[in-house]
Each structure stands twice: as structure tokens, then as C-alpha cells.
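What follows is a short report on a single structure.
Keep in mind the model is a prediction, meaning the values are calculated, not measured. Counting from 1, the numbers follow the sequence of the chain as shown. The analysis underlying the following values was restricted to heavy atoms, covering all of them including side chains, and did not include hydrogens, waters or symmetry mates.
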Amino acid sequence: MLLHARKTVMWVHEEVFLLHNASFRFPEDENNTLTDVSFSVRQGEKLVISGPSGSGKSTLLYLLNRLYPANCDGIVAGEIRLFGKQADEYLPGEINHRVATVFQDPDSQFCMPTVEEELAFTLENLHIPRAAMEERISEILELTGLSAFRHSIIHSLSGGMKQRVATACALAMKPEVLLLDEPLSHLDPFTAQKFVVWLDGLQKKSGLTVIAVEHRLDLWGAFFDRELSMDGFGRITEDKPFQPKNPVLFPARVSAIEPSTALTVDRVAVEIKKKNLLSCISFEVKRGEVVVIAGPNGSGKSTLLKALCGIYKRSSGIIQSPGIGYVPQSPEFLFLSQTIEKELAFSGTSSPLEVADLLERLALGRLKDAHPFSVSHGQKRRVAIGAMLADGHPVLLMDEPTSGQDFAALQELFTLIHERVQEGLTFLIVTHDMEFAAAVADSVLLIKDGKMTGKFLASDVWGDASLLAAHQLLPPKGANCHAASFA
């Protein structure tokens, strides 16, 4: 790829993508996922696509990289041109030498066991000579801060680390266009900030075109040039210059902590293949308490949740609780039913009226007859949350529940947590969304390198700059930290 400044200026005048009255429908659906979409993108632009969960944002990305319609037998109408050529004139895989994609669920794009092997596999598909691979792999690992993870098993990495590996594989292709589907959703705040700064520098050097789907626009500062806003029916409602956004803020929640204990964790450790993932974790959680578990990517947050619910076998320690439900980072691992409504009703604990109420409040009512696997990533997450809430577990573990959620969904999740806490439910939530954490948390459990730093009052954590920095966290913007009553 040419890096000369003069060439970068010229690239801005070249059209990369053009869509005119483009529509898309899955063969089994009656309604379009995308309707009359028209816009163009020029070389070197930085474009963000925003809109409600399920509005077709990811589908739009997959039209640009030719994953759709061929891989789903989708039905396309209107005009789609990629690099001046009709999209359907490209051979399978041909466009992927120029357009690289980082998917919302990084697990979906890995083929090899280790980071180095995954990068080598990517380069082999590009017919890079074996003699040149070593230097290219070392270069991209250094660039993405993954050198220490060169020989790591990808499956053993945290969600945030997997996201970085997926990005490294995309950049190893030296693409002209980088498509990103919520690339910050699994990154801790400090790493997310570093990622944006790093991507900005890379884009300025190379003239790379960047198109991202994103909900948390406040994390990007002034990175983007343009914003395409979509509505809930797959239509573009605005195409405008991007303006930096303020974070989503929530009203403060009233605590409902009771004296009785809902969860006791005593000296719990987890060792897998002779590797210590957790070391001697001990804490107590009261009934009605909301605990946010925070720390750097790869620190053991998800491992702790998996140990608490029994997915990971403990090498030592004791866990006592009257009952635990779990919403994982990859929610589809929970699904057992053929429709969303049946998934929420599966346990039989909640009445049909209660299930119907959850469907509406989680914006899943019109999708109740859809298969849980057929909806967007954000909607899958809400299905999993709804199923666990319907099950009525006294303790509920949530791993990144805010990922892929639009503003309305975040507000409703906040309200549901508040209401269930008043009923005596207890929540342990892993999240990198500091504004959401500040709104819901009574206490914060900090983890680093598989060890627990401590369990603190939430207000004490948000005001301690050194404690936040040591755990790669940023202070929540505008946090009121339970200073006011719920409204």
C-alpha cells in the first residue's frame, strides 16, 4: 500500500463503495432487512454507521464485503458497486483481498488454535511467501500489542484479547478498506482509548478507509468524518458530518441491599492445563446488591463468572448460593428453543403474561416467533437476559450485557435491574461501560492478573484515579453514583 501524502490526498477523490436504492432480504423473511439504502464512500473516509440494535447495520457491512448475499442466499435489489465494479461481478473471495472485516463476534472468524497460526493462515490465503511471513507476523503483533501472546491458545483468551487478534488478522492483509463491527465492545476503557488513537495514526499514514458499526460513539472522540444513522426498519435516516458524542448517562439507582448473604466465595482458584487463571478469590455479596466486576482485558473477569456458575471446575475453594443464572458473552450458547418466545418461557417459572411483558420491554415483541439464532448480536444478548430473568434465579451473572445495545435497550436494562433488585435479586455484572457501571453498582470488585485487588464501595472506586489507572479503567463521565433517587 502506498503511504505518500500526495497519494492519500488523491485517494479521497476515488469512490470505493456506491449503493443506490439497495435493498436486502433474507429468503425466509417477508420483510426487507435493508430498504432503499443509498450512499457512497470515498477512499480515506472514516464512516460510522449508527442506529438501533437490529436495524441492519451489520447486514450492510456484509454487503460491502460480499459475505452477503452469497453466504445466505439473500435477495438483493438496487445497485451496489465496489471499487467501481458491480458487486455481483466479483468472484468468491476476490474482494476480500481489498476489504478486511473484524466481526462483532471474533470467535466466528478463527480457524487455527494459536495467535501465530491464525495470522499465518491469513497470510497463506493471500499467497504470501513463507519466507516473508515471519517478518509480517512479528510486525503486526508489535503493531497491535500482541507480541506476548504470539503462542497463546486463542480459545483461552478473553473476549477483548480475541477482538485484538481478529483486528491483527484483518490488518495483516494490508487492506484498502477496514470494516469494523463494534470493535470496542469487548475492550476495557484504557485499551479502547489506545485502539482509537492507534487506528487514527494508522489511517493517517496509510489512507485506509474505515467503516465501523458502533453504539458507543462517545469512545471515539472526533475520529470519524461522517455518520450514517439507520432506523429500526433498515433505512438510512441521516447522512451527516460526524459530531463527537457525550456518553449515555443514567439516573442514580437506590440501593436495596439486605443483611442476608446471597453469595459466598471462599478462596476459589481455577487452574486449566497447569495455568493459573484465578488465585484465591474470596468475597461476599448481599441479597439485593449489584456488584460490577472490572479490570483489564484478560484479567479473569469472565473466568470468575464461569467458575461461579460451574462452567469452569474449581481447583480449590467453596461457593455457596441459593441459585445462580448466567448470561455469557456469547449468548447463543444458551439457546435451546426454536423461537424467542419459547426461549424466554423455557423454564416454566414465569407466567405467559410475565414472558410477554419481558418480550415487550426488551424490544423483542415483534420478533417473538423468530429463531434466537436469526436475530442481531444485540438482540441475541437481550434474549439471553430475558431468559435468565424469566427463570427467576436469585443471583444473576451477566458478562458484558451492554454490548451491542442501543440507548433505549440500555435504559430498559437499567430499569429491569433496578426493579429486580427491589425484589431481592442479586447481580454480578462484568462490563467495560463505565457510565452504566456507575449507575447500577453498589460495589465494584476489581481483578487484575487473575487476582482480586478487593471489593470496594462503587463511589470509592470512581474517585480513586490511581486505582482506576492500575486496572485500565477510566472514570465514568458525569457519574452521580447513587447520589439521587431513581427516576
Side-chain angles (χ1 to χ4, degrees), residues 253 255-266 268 270 281 283-293 301-314 317-337 340-359 361-362 364 372 380-403 405 409 412-431 436-437 440-443 445 455:
R253 188 184 59 78
S255 298
I257 300 173
E258 300 177 13
S260 56
T261 300
L263 174 67
T264 300
V265 179
D266 184 22
V268 166
V270 174
I281 305 286
F283 61 93
E284 270 193 2
V285 182
K286 299 295 185 182
R287 190 167 183 260
E289 186 176 0
V290 179
V291 180
V292 162
I293 303 172
K301 303 182 297 296
S302 297
T303 299
L304 175 58
L305 293 194
K306 289 175 182 177
L308 294 179
C309 67
I311 292 176
Y312 280 174
K313 185 178 179 181
R314 305 185 302 276
I318 298 169
I319 296 170
Q320 293 180 323
S321 175
I324 294 175
Y326 173 56
V327 179
Q329 265 190 38
S330 298
E332 55 268 24
F333 292 148
L334 286 181
F335 299 152
L336 299 167
S337 303
I340 288 174
E341 183 176 37
K342 288 178 180 177
E343 189 65 38
L344 266 66
F346 183 81
S347 70
T349 305
S350 293
S351 69
L353 280 177
E354 289 170 325
V355 169
D357 179 63
L358 278 172
L359 286 168
R361 296 184 65 179
L362 292 168
L364 297 169
K380 286 176 185 175
R381 199 169 293 273
R382 296 205 299 278
V383 173
I385 291 169
M388 287 298 105
L389 288 172
D391 281 359
H393 297 287
V395 177
L396 190 54
L397 316 178
M398 293 182 171
D399 199 346
E400 297 288 357
T402 67
S403 176
Q405 306 306 319
E412 194 57 60
L413 177 60
F414 174 84
T415 303
L416 282 167
I417 290 172
H418 169 74
E419 291 176 357
R420 296 307 172 98
V421 162
Q422 305 306 309
E423 297 168 8
L425 267 70
T426 300
F427 290 84
L428 282 81
I429 302 172
V430 169
T431 183
F436 187 81
V440 300
D442 297 302
S443 53
L445 195 153
K455 182 170 175 267

Supply the atom-to-atom distance [X] [atom1] to [Y] [atom2], rounded to the nearest 0.5 angstrom.
X	Y	atom1	atom2	result
T303	K301	OG1	NZ	9.0 Å
F283	T264	CZ	OG1	9.5 Å
L263	R287	CG	CZ	14.0 Å
L359	L344	CG	CG	5.0 Å
L389	L413	CG	CG	8.0 Å
L362	L416	CG	CG	5.5 Å

- Query: Going through the checks in order, is the side-chain contact (heavy atoms from CB on, under 4.5 Å) test met by I324 and H393?
  - Reply: CA-CA 6 Å; I324 294 175; H393 297 287; over 6 Å; no
Heavy-atom pair of closest approach, residues [X] and [Y]:
X	Y	result
T426	K286	OG1-O, 3.3 Å
V395	A262	CG2-O, 3.7 Å
Q329	S302	NE2-OG, 3.3 Å
S443	E289	OG-OE2, 2.6 Å
G386	L358	O-CD1, 3.7 Å
A441	V292	CB-CG2, 3.6 Å

- Go through the steps to decide whether V265 and E284 satisfy the test side-chain contact (heavy atoms from CB on, under 4.5 Å), and finish with yes or no. CA-CA 6 Å; V265 179; E284 270 193 2; over 6 Å; no
Would you say [X] and [Y] make side-chain contact, with heavy atoms under 4.5 Å?
X	Y	value
I417	I429	yes
F346	L334	no
L396	R420	no
I319	L308	yes

- Task: Using a cut-off of 6.0 Å, state whether more than 12 heavy atoms not belonging to K455 lie near its atom NZ.
- Result: yes
- Answer yes or no: are there more than 12 heavy-atom neighbours, outside L353 itself, under 6.0 Å from its atom CG? no
- Message: Whether R253 and D442 form a salt bridge (side-chain N of Lys/Arg under 4.0 Å from carboxylate O of Asp/Glu) is what I want to check.
- Response: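 Salt bridge present between D442 and R253.
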- Check step by step if side-chain contact (heavy atoms from CB on, under 4.5 Å) holds for F333 and I311. CA-CA 12 Å; F333 292 148; I311 292 176; over 6 Å; no
- Query: Does a side chain donor of either Q405 or R381 reach within less than 3.5 Å of an acceptor in the other side chain?
  - Reply: no
